[in-house]
Amino acid sequence: MSWFLLLLAGLFEIGWAIGLKQAHGFTRLWPTLGTIACMAISLALLGLALRGLPPGTAYAVWTGIGTVGTVILGMVLFGDAAGPARLACIGLIVAGIAGLKLLPG
């Protein structure tokens with residue numbers, strides 16, 4: 001259950017990272033409120049996941065999910081660069097997340 005909560009926390013982290021862009025420096029009400037809600041939910045879920053996971057592992061996976069998701073959505077929604085080297089770097093982050101999940105520690 002801790003890993004599922006951590007996955008959800010990472011997804012909400014993606015939401016607030018993208019929300020920051022849409023809030024335009026917190027000048028737009030609804031995107032700002034959505035961003036703040038995603039931040040609160042993400043942190044709450046991370047806190048719950050920490051009950052069953054080591055903090056270093058949980059934090060690394062949480063930020064990794066947020067990073068990969070935000071970069072991919074940046075490519076899809078905002079036209080961020082998507083060259084081979086950039087995609088390879090994303091693959092390395094995913095490999096690191098998988099390693100932290102799968103390897104005994």
Side-chain angles (χ1 to χ4, degrees):
M1 184 58 129
S2 293
W3 284 103
F4 178 70
L5 292 172
L6 187 60
L7 172 65
L8 287 178
L11 295 176
F12 277 98
E13 184 184 4
I14 297 165
W16 71 258
I18 296 299
L20 284 173
K21 172 90 170 151
Q22 299 304 314
H24 295 268
F26 301 112
T27 60
R28 297 176 61 209
L29 178 62
W30 294 112
T32 296
L33 294 176
T35 298
I36 292 168
C38 284
M39 286 176 173
I41 293 167
S42 181
L43 285 173
L45 290 169
L46 175 61
L48 293 172
L50 283 170
R51 291 180 178 173
L53 297 170
T57 300
Y59 184 75
V61 171
W62 178 65
T63 58
I65 292 168
T67 300
V68 169
T70 303
V71 169
I72 290 171
L73 281 179
M75 291 173 184
V76 172
L77 298 175
F78 308 119
D80 293 353
R86 200 166 157 96
L87 294 174
C89 290
I90 293 170
L92 290 171
I93 296 169
V94 171
I97 293 169
L100 288 171
K101 166 70 172 107
L102 298 173
L103 298 174

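These values consider heavy atoms only, across backbone and side chains, with no hydrogens, waters or symmetry-generated copies. Source: prediction; values computed, not measured.
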The criterion is side-chain contact (heavy atoms from CB on, under 4.5 Å); which residues satisfy it with Ala9, sequence neighbours excluded? Ser42, Leu45, Leu46, Trp62
Smallest separation among heavy atoms of Ser2 and Ala49, with atom names: O-CB, 3.5 Å
Is the closest side-chain heavy-atom distance between Trp3 and Thr57 below 4.5 Å? yes
Around atom CZ of Phe78, are there more than 12 heavy atoms from other residues, nucleotides or ligands closer than 6.0 Å? yes
Please round to the nearest 0.5 Å and tell me the distance separating atom CD of Glu13 and atom OG1 of Thr63. 6.5 Å
Just how far is it from atom CG of Leu48 to atom CG of Leu5, taken to the nearest 0.5 Å? 6.0 Å
Is it true that Ile18 and Ile90 fall in one hydrophobic cluster, defined by side-chain heavy atoms closer than 4.5 Å? yes
With sequence neighbours left out, the residues meeting side-chain contact (heavy atoms from CB on, under 4.5 Å) with Arg86 are Val71, Met75, Asp80, Ala81
Check whether Phe12 and Leu33 end up in the same hydrophobic cluster, where Ile, Leu, Val, Met, Phe, Trp and Tyr are linked by side-chain heavy atoms less than 4.5 Å apart. no
Linking I/L/V/M/F/W/Y whenever any side-chain heavy atoms sit under 4.5 Å apart, do Val61 and Ile72 land together? yes
Connected via hydrophobic side-chain network under 4.5 Å: Leu20 and Leu73: no
Closest non-hydrogen contact found for Ile97 with Ile65 is CD1-N, 3.6 Å
Please report the interatomic distance CH2(Trp16) to CG(Leu11), rounded to the nearest 0.5 Å. 14.0 Å
Looking at Leu6 and Leu53, what are the two nearest heavy atoms and their distance? CD2-CD1, 3.8 Å
Kindly write out the residues that satisfy ring pair (Phe, Tyr, Trp, His ring centres under 6.0 Å) with Phe26, not counting sequence neighbours, or none if the list is empty. none
Looking at every heavy atom in both Leu87 and Ala82, which two are closest together, and how far apart are they? CD1-O, 3.6 Å
Thr70 to Ala17 - nearest heavy-atom pair and separation: OG1-CB, 3.5 Å
Is there a path of hydrophobic side-chain contacts, each under 4.5 Å between heavy atoms of I, L, V, M, F, W or Y residues, that connects Leu103 with Tyr59? no
Which heavy-atom pair separates Gly69 from Ile14 by the least distance, and what is that distance? CA-CD1, 3.5 Å
